[in-house]
Amino acid sequence: MKIGQVENWSVSYEWKAVLLLSLGFGLVGIDRWIITPLFPFIMKDLGLNFSQLGALAGILGIGWGVAAMCVGTISDKVGRRRVLIPAILLFSLLAGLTGTAASFGMLLTIRLVMGVTEGAFLPASVASTAEASKPSRRGLNQGFQLSLFALLGLGLGPIIATQLLAVVPSWRYVFLIVSIPGFILAGLIWLVVREPSKQSEIPYDQPVQHVRWGEVLRSRNVLLSVAGILSAMCCIFVIGAMMPSYLMEYLKISPQTMGFIMSAVGFGGFFGEFGIPGLSDLIGRRTVAILSFLFAIPLLYAFMHTGANPALLFALLFLIGFFCLGLLGLFTGPLATEGVSAASTATAIGFVSGSGEIFGGGVAPALGGWIAQTYGLPHILDLAMGGLVLGFVIVLFLKETAPRFAK
């Protein structure tokens, strides 16, 4: 069999593998973001302030980023399954342990280690999705996988959290409940997902070679994807971490309505994370990246000047989530995958995601918490806007890599 052929491709295996890996990343989203709609209640219980809440969101992002960069390379060398299954078991366990935290220090430690395990899962799972996909569906499949993070974590997560609070004695029980599905899914991934050497084909157009960090660091699109994802994450993760407090404390919106409004980010992101990469298969990666930032900027400006209007806030956050989380799928998926040779894909994915997480998902929410504590909650949106403007400039320099146009 030659690399790049599509003979005897197993469509059945492709969709089973993509579905399970997508659900796995969806659980990553739930376990990561279920804490944000619970922040106002955790604040009262543990006596925390806005800076500490930003630190809790940021520390997980830093752990995620470091692990994604390191474990991506390990996954390229030792195989996907040896990373995927331990990672999903550990982050599920740590999600449950979050509900046992009795102090800020304990909560911070649990979230840091949880970020490491989730960061390990990301590059191995996205690379596995690429290896299970036909090249013509690579962008769509990777986008669909990444979209479950938004749908379950940012979309259904706030609704699940706020509704469970009505039936359980404390926020602590919410974490215990949402940790259970991960253990079931780990068993299913163990049964179904295979290493690429056992598939009928490895769907890349380039010969397999040894992983070389130099190749990753010389790739123009990989480096631009790092800067681009940092900018998009700066917006979406500041909103994800601090918006529940903004809506409840500044706009005086009730917890249940807040959960409804916050879910818009996830629902919009769900459609964006497979829609934006999927659209890039048709009209090009660079074009879609430029348009996404171009549309997100005025939408965020409108949100900044909207009062306590739940329907309008929901609509604006839906569209912001669509474009910003769609950009995350584009940078982490096809742009990172197509920027290097086949043997270095998980390394490139981990480098892009990890760098973005450390600064966009780690430093930005912590900085947002400090801004909220020092200057007031409304000013967190100035930081998010700065990220979008910077991202628009960056993506102007991308090189087109979509197979349809590269040929």
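What you see below is based on every heavy atom in this structure, not just the backbone, and it leaves out hydrogens, waters and symmetry mates.
- Of all heavy-atom pairs spanning G272 and P277, the tightest one is O-CD, 3.4 Å.
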| task | Begin from the C-alpha positions of F318 and F267 and carry the test ring-ring contact (aromatic ring centres under 6.0 Å, His included) through to its verdict. | result | CA-CA 6 Å; F318 181 94; F267 292 132; 7.7 Å; no
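- Between the side chain of R285 and the main chain of L330, no donor-acceptor pair closer than 3.5 Å is present.
- Partner of T401 under the side-chain hydrogen bond (donor to acceptor under 3.5 Å, both in side chains) criterion, chosen from R286, E338, R220: E338.
- Note: F322 and F271 fail the aromatic proximity criterion, with ring centroids not under 6.0 Å apart.
- A donor-acceptor pair under 3.5 Å is formed between the side chain of S231 and the backbone N or O of A227.
- The shortest non-hydrogen separation linking A348 to V222 is CB-CG2, 4.3 Å.
- Residues I160 and I177 fail the side-chain proximity criterion, which asks for heavy atoms closer than 4.5 Å.
- Counting only heavy atoms from C-beta outward, the side chains of T162 and M262 never approach each other to under 4.5 Å.
- Of the possible donor and acceptor atoms, none in the side chain of E118 sits under 3.5 Å from a partner among the backbone N and O of W64.
- In this structure, the side chain of Q373 does not engage the main chain of W370 through any donor-acceptor pair within 3.5 Å.
- Residues V238 and I380 approach most closely at CG1-O, 3.7 Å, considering heavy atoms.
- Taking both residues in full, the closest heavy atoms of T129 and Q145 are given as OG1-OE1, 2.8 Å, listed atom of the first, atom of the second, then distance.
- Counting heavy atoms from C-beta on, the side chains of Y173 and L164 never come closer than 4.5 Å.
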